[in-house]
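Notes for the one structure printed next.
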Protein chains: 2
Amino acid sequence: MGSERAEPGTIRPGGRTARVRAAVLRAAEDALIEVGFSRLDLTDIARRAGVGKTTVYRRWGTVTRLMADMLLEMAAQSLPRTETGSLLSDMQAHARLVQRTLADPRQGALFKAVIAAAICDSRAAEALHRFYDIRIREWAPCVEQAIERGEIPEGTDPCEVVRAVSAPLYYRLLTTAYPLDEAAADRAAEAAVAAARAGVFRRPLASPSQP
Amino acid sequence: MGSERAEPGTIRPGGRTARVRAAVLRAAEDALIEVGFSRLDLTDIARRAGVGKTTVYRRWGTVTRLMADMLLEMAAQSLPRTETGSLLSDMQAHARLVQRTLADPRQGALFKAVIAAAICDSRAAEALHRFYDIRIREWAPCVEQAIERGEIPEGTDPCEVVRAVSAPLYYRLLTTAYPLDEAAADRAAEAAVAAARAGVFRRPLASPSQP
């Protein structure tokens, strides 16, 4: 991350620097949802946040760096994984968290906007990839524990199982007008777990078996 | 679709009207890839296509209608399904077609751009949903035949199985920097078929069973 991650001015939690950052990141989210990445403007974001534009330019410099910081904060604010002792229940919790996030009007619009931003800008894409990497790794231990319990085969790629849960929810959001409901979340979890049990996510990639 | 679908001026295949349409749609693809939906401009597209701007404005009127026509043509030009007699082989063919399309530099950039457009514009989103609906329905008979052959349970939702094959490939494209290779395609097909065999895609949505 380099400089996007650094918070040299933070003196104490809840101090002025932290409050400025929170206000600017919130304003950046609003602007991203309203006008989209291609029309983001640091001066407009500073105005929305009630912060001097010099502060915003000095601290973030570019909209891409501001978006990268926003995604880091989104990752930091995300809920931790749930560990229930069953892979299906854990992946259902993961699926429902993704579903609730994407179905929420503000969060859903924000995630769509950052995906659009990542399509338009390679630096934004890198920041987005880091965000998903953090979130996927957060849930990977649930899969590792399922391997240890013997629920799914040795050699299963934990991150691929976690991604398989998220994928149908994002695909549904982006390519259909169908509702993103709990039934869709549960089905996504069940499908990923069924495939994991069948050994599909073993590393290295298995060659396709014939039925 | 309404007026976007109509081609009132087409006199014969390969005639002047068809040539104009092909040139404008190609130019629209180029512009979408290069500048993105938010900066699309019919005058610029007409110039790229070597066509009078009056023709473009009279025929399509707005960039959204032009994009809708572009997506209809993309659906019409897409390859038909493959029927091999095995669900896994059919879904592998589907997955590899999606993978080749998304991994192709021009096609991949075009699909990303239309997804970004759909995020920014609800009319563009409707056109994108129609595109995917056409493509998913094209492959659904492979799943119906697998049900008839007894490969997967009665009551399986064919379109959900086909979508489950595509989803991980789009998710990989949009949220990671990992290569979209044949191994990823084969794994997507295997995962969807394993879940279908396990009865995950039966209608109505099954409540999650405990392991």
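If you're wondering where the values come from, they're calculated on a predicted model, not measured in any experiment. Chain A is the first sequence line, chain B the second, and so forth, proteins listed ahead of strands; every chain is numbered from 1.
- Proximity to chain B is absent for every atom of A:A196, based on heavy atoms less than 4.5 angstrom apart.
- Dense packing is recorded around CZ of B:R149, with more than 12 heavy atoms of other residues, nucleotides or ligands lying under 6.0 Å away.
- Note that CZ of A:R202 and CZ of B:R187 are 10.5 Å apart. Values are rounded to the nearest 0.5 Å.
- Using a 4.5 Å cut-off between heavy atoms, A:A164 makes no contact with chain B at all.
- Heavy-atom distances place both the backbone and the side chain of B:A116 under 4.5 Å from chain A.
- Per-residue counts of heavy-atom pairs under 4.5 Å with chain A were compared for B:R39, B:H129, B:E126, B:K112; the largest is that of B:H129.
- For A:E160, the part lying near chain B is the side chain, with the backbone staying farther off; criterion is any non-hydrogen pair under 4.5 Å.
- Using a 4.5 Å cut-off between heavy atoms, B:A117 does not touch chain A at all.
- Surrounding CZ of A:R106 are more than 12 heavy atoms belonging to other residues, nucleotides or ligands, all under 6.0 Å away.
- With chain B as partner, the option from A:A109, A:S166, A:A113, A:G36 having the largest number of non-hydrogen pairs under 4.5 angstrom is A:S166.
- Here the closest non-hydrogen pair linking A:A194 and B:A195 is CB-CA, 4.0 Å.
- With a 4.5 angstrom heavy-atom cutoff, A:A198 touches chain B only via side-chain atoms.
- Per-residue heavy-atom pair counts under 4.5 Å with chain B were compared for A:A125, A:A191, A:A192, and the maximum is reached by A:A191.
- Below 4.5 Å, heavy atoms of chain A meet heavy atoms from B:A167, B:P168, B:Y170, B:Y171, B:R172, B:L174, B:T175, B:T176, B:A177, B:Y178, all part of residues 167-178 of chain B.
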